[in-house]
Amino acid sequence: MLDKRFIRDNPDVVKEAVRLKGVDLDVDELLAVDETSRKLQQELDQRQARRKALSKEFANADAAKREQLRAESNELDRQLKQIREAVDETTTRLNELLLITPNIPWDQAPVGFDESDNVAIKTWGQKPEFDFSPLDHVELAEKRGWAEFARARKVAGERAYALSGDLVLLERALHSYALDLLSGKGFTPISVPALVKEGPLVGSGMFPKGREETYELPADNAFLAGTAEVALVGLHSGEILDKDRLPILYAGISPCFRREVGSASRDVRGLLRVHQFEKVEQFVICEADPEESARWHAELLGSAEQILQDLGLHYEVVECATGDMGLGKFRMNDINTWFPSLNMLRETHSCSTLHDWQARRANLRYRDTDGKVRFVHTLNNTAVATPRLLAAVIENYQTKDHEVRIPQVLRPYLGNRETI
RNA sequence: GGAGGGAUGCGAGAGUGGCCGAAUCGGACGGUCUCGAAAACCGUUGUGUCCAUAGGGCACCGUGGGUUCAAAUCCCACUCCCUCCGCCA
C-alpha cells in the first residue's frame, strides 16, 4: 500500500510504477474516488459535529425545546445514514484500489514485464564435472530408497512426495545449519503458524492478488500460508514499536503451502515444485530509512550467498525486472542455483525489500527519535527452502556409485558422515 | 464438546447513558534540586483523518450491527483471551 497523500501528490510517479509493473489499475479512478471520499467525509464530519452539539443542548433544555431538538436530531440521523452509506461505498472501492496499487520500484531495476527481462549481476562457482552420466534427483532418490512419489501421490495427489531415510536427515541438516548460521548473525529463530487468518495475508500483501494461489479452509475461516513471511509480518501488525527495539531480525521456520495453479503441468516431476515444503526464512523489520533497508538487503542477500557458497553450489544472482518483482516490492534479487539434470539454474532464493508498502498494510509502525510515528521497512529472503534445495544438493554431489558426498558444513549435523 | 469470566491509552486499572478521548497508579521524556547520582517535587506523554498559517473539526474504549436526542457504558452477533470439566497429539 502507498500513502494516499503520496499518490495524490505524485500521480505520475504512481502511473509510471503501474506501467513498469504491468498492473491493471486506473490511477485516475483512484484519484477521483479519493477526492469523492474526502468530500463525503467532510460532509459527514460537519453533520456529526452538529449532532453532537444538539446532544449537549438537550441536557439543559426544557420540554418544548427537547421536542424540537429531538426532531432535528432525527432528521440529521436520516441524512447521516445516507451519507454514511455513500462513504462506505467509496471507501470500499478506494481500499480495493489501494490494495492493488504497486510499490514504486527501484530506479535501477531492469525494465521488463517478466522473468526473461531479469539481469544476472553475479555468478559464483562452477558447474560440477561428472565422469559418468549423472542421474536426476528423482532417479537418484528412488534408487537409494530416499523418496516415494507414486505412493505419496496415492495419498495426496499430484506434486506430493515423501522423503525417507538419509534424505530426511540431510533435509534436517540443511535447516539446522541455516538456523545456526542465522542465529550466529543475531537473527532470532522463530517457528510460526502456517495456518493463518485472512488479516495477515492481506497485511503481508499476498492478498488479494495471490488468493487463488493459497489453500483455503472455509469451514474455519483460515488459510495455509505460502511462506513464514505472512506470520512474521502479522506478529507485529498493529503495533507501535519503540525505536530501540529495531531492527527486529527473525529466522522464521514453517511449512509452506502453494496451490501452484498457474503452473499446471510445469515441473510436475520430482521435488522442484511441490504443494508443501519447508523453509527457513530471513525476515527484517527496520526503521524507515532507505539506506538502512538497503544495507539489510545486502546483508540478507549476503547470507543466502554464504549458504550456497558453504554448500559449494554454483549460482547466479539476478536483478529482477520491474514486471517480475511483484506488486509490493521495491527491489528483488533472485538467486538461481545449478541443477545438473536440468542443465540450468533454477530459483532457490528470493530477496526482497518492500520499504513501507507491507508495513502500511499491516499497520506496523515505530516511534522515531523525534517522537513521530512512522511505518517500518520490511525485508525478506529465503535462507533454505527444501526439498528444492535438497534436490540441488544431491544432484550436484552425487557419485558414480549413487552416493552423495556431504558438504563439509553439513557433516556435523549428520554424525560427521562424509557420504550418504 | 460443556460451564463460567473477560477485552479500555506504553503497562496496570477505574469508569454501567450526557460533565469521558477517558480517573488513578506505574513507566517514559523534560525540568528543579545536586559536585554527580538517587530520592523528592513540577511539567509533558494515544492514534488516525480532514480543513488549515495559527488553530480547529470528526472518528476510534476487541470487530460488526442495533436501541436512544445522546453509547466505552444498554441489546444482538462475531473474533480473540482466561478459568474449570471432558476429550486428545
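Scope of the values below: all heavy atoms of this structure, side chains included, with no hydrogens, waters or symmetry mates. Below, read A as the first sequence line, B as the second, and so on, with proteins coming before strands; counting in each chain starts at 1.
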Review point. What distance, rounded to whole Å, do you find between the two C1' atoms, one in B:G46 and one in B:C10?
Key: 9 Å
Study note, to complete from the structure: The Watson-Crick or G-U wobble partner of B:U47, with both key distances under 3.5 Å, is B:A59
Check your understanding: Expressed as a whole number of Å, how far does the P atom of B:G65 sit from that of B:A59?
Key -> 15 Å
Point to revise | Atom-pair distance (CG on A:Asn363; P on B:U49), nearest Å | key: 10 Å
Check your understanding: A:Arg70 side chain N/O closer than 4.0 Å to the phosphate oxygens (OP1, OP2) of B:A70?
Key -> no
Check your understanding: Does A:Arg51 place a side-chain N or O at less than 4.0 Å from the phosphate oxygens OP1/OP2 of B:C69?
Key -> no
Check your understanding: Do A:Arg70 and A:Phe58 meet the cation-pi criteria used here (NZ or CZ under 6.0 Å from the six-membered ring centre, within 45° of the axis)?
Key -> no
Review point. Expressed as a whole number of Å, how far does the C1' atom of B:A72 sit from that of B:A23?
Key: 14 Å
Review point. Expressed in whole Å, how much space separates the P atoms belonging to B:U53 and B:G36?
Key: 46 Å
Review point. Which nucleotide sits closest to the side chain of A:Ser55: B:U47, B:C50, B:C69?
Key: B:C69
Exercise for review: Say whether, by atom type as modelled, one donor and one acceptor occur between the side chain of A:Arg258 and the main chain of A:Thr227 under 3.5 angstrom.
Suggested key: no
Check your understanding: Say you pick atom P in B:G18 and the same atom in B:C87; how far apart are they, in whole Å?
Key -> 49 Å
Check your understanding: Distance between the P atoms of B:G26 and B:U79, in whole angstroms?
Key -> 40 Å
**Study point:** Side chain of A:Gln48 - closest among B:C58, B:C51, B:U47
**Key:** B:C58
Check your understanding: Between B:G30 and B:A37, how far is it from one P atom to the other, in whole Å?
Key -> 12 Å
Check your understanding: How close or far is atom P of B:G65 from atom CZ of A:Arg84, stated in whole angstroms?
Key -> 9 Å
Practice item. Tell me whether the OP1 or OP2 atom of B:G57 has a side-chain N or O from A:Arg47 closer than 4.0 Å. Key: no
Check your understanding: When the distance from CG of A:Leu44 to P of B:A59 is rounded to whole Å, what number comes out?
Key -> 8 Å
Practice item. Drop me the distance from A:Leu25's CG to A:Leu99's CG, to the nearest 0.5 angstrom. Key: 11.0 Å
Check your understanding: Quick one: OG1 on A:Thr378 to CZ on A:Arg361, what's the gap to the nearest 0.5 Å?
Key -> 11.0 Å
Point to revise | Which residue lies more 5' along RNA chain B, comparing A:Ser73 with A:Asp88 via nearest heavy atoms | key: A:Asp88
Review point. Has A:Arg8 got a side-chain N or O lying under 4.0 Å from the OP1 or OP2 atom of B:C50?
Key: yes
Point to revise | Spacing of A:Leu76 atom CG relative to B:C58 atom P, expressed in whole Å | key: 13 Å
Review point. Among B:C50, B:C69, B:U47, which is the nearest nucleotide to the side chain of A:Phe58?
Key: B:C69
Exercise for review: Please give the nucleotide sitting opposite B:U24 as a Watson-Crick or G-U wobble pair, both distances under 3.5 Å, or none.
Suggested key: B:A12
Check your understanding: Does any N or O in the side chain of A:Asp34 come within less than 3.5 Å of the main-chain N or O of A:Lys4, such that one atom is a donor and the other an acceptor?
Key -> no
**Study point:** Whole-Å C1' distance, B:C84 and B:A12
**Key:** 26 Å
Point to revise | A:Lys197 side-chain N/O to B:C80 phosphate OP1/OP2 under 4.0 Å | key: yes
Exercise for review: May I ask which nucleotide in the shown strands pairs with B:A39, Watson-Crick or G-U wobble, both distances under 3.5 Å?
Suggested key: none
Practice item. Apply salt bridge (Lys or Arg N to Asp or Glu O under 4.0 Å) to A:Glu260 and A:Arg273, showing your working. Key: CA-CA 8 Å; A:Glu260 299 295 346; A:Arg273 187 184 296 273; 3.1 Å; yes
Check your understanding: For A:Ala71 and A:Asp34, take the nucleotide of RNA chain B holding the closest heavy atom to each; which residue's nucleotide lies nearer the 5' end?
Key -> A:Asp34
Check your understanding: Is there a Watson-Crick or G-U wobble partner for B:A3 with both distances under 3.5 Å, and which nucleotide is it?
Key -> B:U83
Check your understanding: Could you state the CZ-P distance from A:Arg66 to B:A70, rounded to the nearest angstrom?
Key -> 13 Å
Point to revise | Nucleotide of B:C50, B:C58, B:U47 approaching A:Arg5 most closely (side-chain heavy atoms) | key: B:C50
Review point. Looking across every strand, which nucleic acid part, if any, lies under 4.0 Å from A:Asp242 by heavy atom: base, sugar-phosphate, or nothing?
Key: nothing
Exercise for review: Answer with base, sugar-phosphate or nothing: what part of the nucleic acid does A:Asp77 contact at a heavy-atom distance below 4.0 Å?
Suggested key: sugar-phosphate
Check your understanding: Can the ring centres of A:Phe207 and A:Phe223 be said to be less than 6.0 Å apart?
Key -> yes
**Study point:** Out of B:C50, B:A59, B:U47, whichever nucleotide has its closest atom nearest the side chain of A:Lys52
**Key:** B:A59
Exercise for review: Could you tell me the separation between the CD atom of A:Gln41 and the P atom of B:C51, rounded to a whole number of Å?
Suggested key: 11 Å
Point to revise | Interatomic distance, A:Leu54 CG vs B:A70 P [rounded to whole Å] | key: 10 Å
Practice item. Tell which nucleotide pairs with B:U34, taking only Watson-Crick or G-U wobble pairs whose two distances are both under 3.5 angstrom. Key: none
**Study point:** N/O (side chain, A:Lys65) to phosphate O (OP1/OP2, B:C69) under 4.0 Å
**Key:** no
Review point. Starting at CD of A:Gln79 and ending at P of B:C58, how long is that distance when rounded to a whole Å?
Key: 17 Å
Review point. Nearest 0.5 Å, what's the CZ-CG distance between A:Arg367 and A:Leu241?
Key: 10.5 Å
Practice item. Please tell me which of the listed nucleotides, B:U47, B:C69, B:C51, lies nearest to the side chain of A:Gln42? Key: B:C51
Study note, to complete from the structure: Across every strand shown, the nucleotide meeting Watson-Crick or G-U wobble geometry with B:C74 (both distances under 3.5 Å) is B:G66
